[in-house]
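In this text, all values refer to a predicted model and were calculated from it rather than measured experimentally. Values below: every heavy atom of this structure, side chains too, minus hydrogens, waters and symmetry copies. Throughout, residue positions are numbered sequentially from 1 according to the sequence presented.
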Amino acid sequence: MLSGLLIVLLPLVLGYLVPVRHPAVLTAINRGVNASVYLILLLMGFGLAGLENLAGQLSRMGGQALTLFVLTSACNLAGLWWLSCRLKLAADPSRVVPGAPTSKLAAMAGSLGLVGVVLLGVTLGLAAGWLSAAPLHAMAETLAEWVLYVLLALIGCQLRNSGMPLRQILLNPHGLAIALTLAATSLIGGLLAAPLLGLRWNEGLAMAAGFGWYSLSGILVGDALGPALGAVAFFNDLTRELVAFVLIPLVIRRHAALAIGYGGATSMDFTLPVIQQHGGVGCVPVAVVSGFLLSLLSPPLILFLLTL
């Protein structure tokens, strides 16, 4: 059990130990992460096509993803609302950086594009099945596992070279409080969802531990529990991001902590422009710290929970 955890964690730790100074290398690492994510999601879709009774499985996955999303979101919103009433964190829309992106549709396009990659993988997998190339489904799972190792190493390197020293992160009380609240309430939601989804308690926790990082949660869960549950984790976290794009502008002026926290790990990247545009530059450091901490916590936590 522990050996399996170490095998997967090792590339993440090794990547985190590598300092990178050259901008061109950092650019190549970022592109490598994006390419690895697209490739693994394509392979995940390919693996989904190999499931028996695919139509029935898709219907079941949709219900499971909705159940998990509703429970985790309800817990998140309750906990973050409680926190926002106690934190003295106020948005200041007057201090908006000129030229900040504001189009929610443009921001959502990248997220929806990943759904398209999964669907493309399903289409290719179905075509392989019609051509009696079933062994390709097993090969896709093996290839996805190796690409996952590469992805974890690159992600570790990204986190190390993000320009955010851990000392500075841990000394930001607002960001730390928001990250801990989001993580705790997500895990409570996953624990409540586990019996409804027919999962063990640790599997329910792992499904909810992506904290919005859909590209990674779907990959890690899928590698351990199969492509069907990997897809459930993926769509649960993807839905969080899409809802965050709509929720943030509506609540950030009165409940800044709730708006920043609900985006989870995405508050340091994908939802950050929306936070900045509607909450002002004062919210940006808090959002980056919260998102960074959740990004740092999510991979080892998912892997640990899946080995219990």
Side-chain angles (χ1 to χ4, degrees), residues 69-104 107-108 111 159 162-190 208-214 236-298 301:
F69 171 74
V70 169
L71 288 174
T72 54
S73 287
C75 293
N76 291 157
L77 292 173
L80 290 169
W81 177 82
W82 173 84
L83 181 67
S84 69
C85 292
R86 282 152 181 79
L87 283 185
K88 295 181 179 180
L89 178 62
D92 185 4
S94 65
R95 298 180 61 206
V96 171
V97 175
T102 59
S103 172
K104 291 188 283 293
M108 290 180 184
S111 306
L159 293 174
S162 65
M164 294 289 293
L166 286 179
R167 178 183 175 87
Q168 176 185 344
I169 290 168
L170 295 176
L171 291 177
N172 187 308
H174 288 164
L176 180 60
I178 290 171
L180 291 177
T181 301
L182 188 282
T185 54
S186 293
L187 294 176
I188 292 172
F211 309 137
W213 196 351
Y214 50 82
N236 169 61
D237 284 318
L238 178 65
T239 305
R240 170 190 293 278
E241 179 175 296
L242 297 177
V243 172
F245 284 123
V246 178
L247 181 69
I248 290 168
L250 297 177
V251 303
I252 195 166
R253 297 194 183 189
R254 297 186 61 184
H255 299 286
L258 188 155
I260 292 170
Y262 185 77
T266 70
S267 63
M268 70 175 289
D269 42 51
F270 292 112
T271 58
L272 183 60
V274 184
I275 292 171
Q276 174 182 291
Q277 178 64 26
H278 296 277
V281 293
C283 290
V284 171
V286 178
V288 171
V289 167
S290 173
F292 184 94
L293 286 171
L294 291 168
S295 298
L296 197 62
L297 175 63
S298 178
L301 182 59

#### Entry: Shortest non-hydrogen separation from Phe211 to Ala183 and the atoms involved
CE2-CA, 3.6 Å
### Query
How many angstroms lie between atom CG of Leu80 and atom OG1 of Thr181, to the nearest 0.5 angstrom?
6.0 Å
### Heavy-atom check, side chain of Asp237 versus side chain of Trp213, under 4.5 Å
no
#### Entry: side-chain contact (heavy atoms from CB on, under 4.5 Å) partner of Phe292, chosen from Val289, Leu294, Leu296
Leu296
### Task
In sequence, state the C-alpha distance, the side-chain angles, and the governing distance for Leu187 and Leu301, and then conclude on side-chain contact (heavy atoms from CB on, under 4.5 Å).
CA-CA 11 Å; Leu187 294 176; Leu301 182 59; 4.3 Å; yes
### Query
So, does Thr72 use its side chain to make a donor-acceptor pair with the main chain of Gly189 at under 3.5 Å?
no
### Sub-4.5 Å side-chain heavy-atom contact between Leu272 and Ser267
no
### Task
Side-chain contact test, heavy atoms from C-beta onward, threshold under 4.5 Å: evaluate it for Ser73 versus Val243 and give yes or no.
no
### Query
Any side-chain heavy atom of Leu258 within less than 4.5 Å of one from Leu77?
yes
#### Entry: Side chain to side chain, Met268 and Ser295, heavy atoms closer than 4.5 Å
yes
### Summary
Tightest non-hydrogen contact, residues Ile260 and Ala287, listed as CG2-CA, 3.6 Å
### Query
Minimum heavy-atom separation for Thr185 to Gly79, with atom names?
CG2-CA, 3.9 Å
### Task
Looking only at non-hydrogen atoms, find the nearest pair between Ala259 and Val251 and report the distance.
CB-CG2, 3.7 Å
### Message
Is there a side-chain contact between Ile252 and Ile248 in this structure, where contact means two heavy atoms from C-beta onward sitting under 4.5 Å apart?
### Response
yes
### Query
Which pair of non-hydrogen atoms, one from Ser186 and one from Asn76, has the smallest distance, and what is that distance?
OG-ND2, 3.1 Å
### Message
Do Ser84 and Leu89 make a side-chain contact, defined as non-hydrogen atoms from C-beta onward lying under 4.5 Å apart?
### Response
no
### Message
With heavy-atom distances below 4.5 Å as the criterion, would you say the side chains of Ile188 and Leu71 are in contact?
### Response
no
### Message
Any donor-acceptor pair under 3.5 Å linking the side-chain atoms of Thr266 with those of Thr271?
### Response
yes
### Task
Mind listing the closest non-hydrogen atom pair of Leu87 and Ala257 along with its distance?
CD1-CB, 4.2 Å
### Distance in Å, Trp81 CH2 paired with Arg254 CZ, rounded so as to fall on 0.5 Å steps
10.5 Å
### Task
Show your working on side-chain contact (heavy atoms from CB on, under 4.5 Å) between Leu182 and Ser290 and close with a plain yes or no.
CA-CA 9 Å; Leu182 188 282; Ser290 173; 5.9 Å; no
### Task
Kindly confirm or rule out a cation-pi arrangement of Arg240 over Tyr214, judged by NZ or CZ under 6.0 Å from the six-membered ring centre and within 45° of its axis?
no
